[in-house]
Amino acid sequence: MRERLTSRAFSLAAVVIAVLWTTPTLGLFLSSVRPEDDIKTTGWWTVLSAPHLTLDNYGEVLGSGCGNASGRLAEHLVNSFVITLPSVLFPLVLAFFAAYALAWIDFRGRDALVVGIFALQVVPLQMALVPLLKLFSEGWLFLPAWDLTGPARFGHVWFAHTVFALPFAVFLLHNFLAGLDRELIESARVDGATHGTLLLRIALPLARPALATYAIIQFIWVWNDLLVALTLAGGTAETAPATVRLASLAGTRGDEWQRLTAGAFVSAAVPVAVFFSLQRYVTRGLLAGSVKG
């Protein structure tokens, strides 16, 4: 009886949390499909009693109906993809190679290096913005200045996101790879498998849950980033992602709420779609290495 009540209590709590969590998203969506006059005069919940719906807000934001470049979001969504995809792939590949080396190659100082990489996660990205800008503008030691202009400035953003993503990526993938069956690895070595073979034919297929989990986390983080893109990409129309342009959708007086809600929902729909398409890997990847046996 107690177990049944406990189960019902947890189920009820989960439903309540789900409702509270999704209510703002529902309000955002309903506001995005309401006419301008309605959204400026009444709350989104009134759509249930007086459903006046329109898709003009989305056409205005994604097209050219607003009559100015700041209101067109489609081109900035392309910039977001240009920034996000390399910023996911670069650390994913580098971290996978590093995690395998730390998990299965014995060398002096390996444990200290693992601890050092883990400790790097506590360094906030904001602290490095000024040193990064100085590196790009003046260079450092043997590194020349990155005198990049226009779309080439995407390289600044890719570099920053890659560097700051590596500690967590290496930590997550190392935990997974270190938990692989040692007998499987040793038997492959006895059969003459090199580290390249072990990496590509054994570790890579088995690490798909962890790789997908990290890809989701990094994609959502970079897609929703504003600070790095605004600081390092220049904030121009050529390089500005969707997050930089969302604020301008409200207009110069901040009263164009119909544009802002439609633009925010479009921008949020992309990472949500990515998450749901790969969500089956999330739990398996996050629990990687926590239980052995």
Participant: Which atom names give the shortest non-hydrogen contact between A207 and L177, and what distance separates them?
Facilitator: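 For A207 and L177, the tightest heavy-atom pair comes out as CB-CD2, 4.0 Å.
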Participant: Counting only heavy atoms not in E186, do more than 12 fall under 6.0 Å of its CD?
Facilitator: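 Yes, CD of E186 has more than 12 neighbouring heavy atoms, counting only those of other groups under 6.0 Å.
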Participant: Does anything in residues 80-89 pair up under side chain to side chain donor-acceptor pair (under 3.5 Å), and if so which pairs, sequence neighbours excluded?
Facilitator: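 Listed by first then second residue: nothing to list.
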Participant: Check the side chains of Y100 and H195 for a donor-acceptor pair under 3.5 angstrom, ignoring hydrogens and angles.
Facilitator: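 The answer is yes; a qualifying pair exists.
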Participant: With a sphere of 6.0 Å drawn around CZ of F107, does it hold more than 12 non-hydrogen atoms of other residues, nucleotides or ligands?
Facilitator: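 Counting neighbours around CZ of F107, more than 12 heavy atoms of other residues, nucleotides or ligands fall under 6.0 Å, so yes.
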Participant: Got a sec, which residues hit salt bridge (charged side-chain N to carboxylate O under 4.0 Å, His left out) with R201, two or more places apart in sequence or on another chain?
Facilitator: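 Partners of R201 under the salt bridge (charged side-chain N to carboxylate O under 4.0 Å, His left out) test: none.
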Participant: Does atom CZ of R182 have more than 12 heavy-atom neighbours, drawn from other residues, nucleotides or ligands, at distances under 6.0 Å?
Facilitator: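 No, because the 6.0 Å sphere around CZ of R182 holds 12 heavy atoms or fewer from other groups.
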Participant: Can you tell which of D56, L53, N57 makes a side chain to side chain contact (heavy atoms under 4.5 Å, CB included) with V33?
Facilitator: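 So the option named by the test is L53.
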Participant: Could you pull out the closest heavy-atom pair between L30 and W44, with the gap in Å?
Facilitator: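 Looks like CD1-CE3, 3.6 Å.
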Participant: For the residue pair F154 and W158, categorise the inter-ring angle as parallel (less than 30°), tilted (30 to 60°) or perpendicular (more than 60°).
Facilitator: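 Ring orientation, 0 to 90° scale: parallel.
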Participant: First locate atom NE2 of H52, then atom OG1 of T46, and finally report the distance between them rounded to the nearest 0.5 Å.
Facilitator: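 With rounding to 0.5 Å, NE2 (H52) is 9.5 Å from OG1 (T46).
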Participant: Let me confirm one number: the CD1-OG distance from I39 to S32, rounded to the nearest 0.5 Å.
Facilitator: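 Atom-to-atom, I39:CD1 and S32:OG are 8.0 Å apart.
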Participant: Near W104 CH2, under 6.0 Å, is it more than 12 heavy atoms from other residues, nucleotides or ligands?
Facilitator: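 Counting other residues, nucleotides and ligands, CH2 of W104 exceeds 12 neighbours.
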Participant: Walk me through it: do T42 and R34 pass the test side chain to side chain donor-acceptor pair (under 3.5 Å)?
Facilitator: CA-CA 10 Å; T42 58; R34 301 182 68 208; 2.6 Å; yes
Participant: Within the 4.5 Å heavy-atom criterion, are H161 and P91 side-chain neighbours or not?
Facilitator: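 They are not in contact (no side-chain heavy atoms under 4.5 Å apart), so the answer is no.
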Participant: According to the interplanar angle, ranging from 0 to 90°, do the rings of W223 and F81 count as parallel (below 30°), tilted (30 to 60°) or perpendicular (above 60°)?
Facilitator: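 Rings of W223 and F81: perpendicular, as their planes differ by over 60°.
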Participant: Which distance, rounded to the nearest 0.5 Å, do you find between the CZ of F219 and the CG of L89?
Facilitator: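 The distance works out to 10.5 Å.
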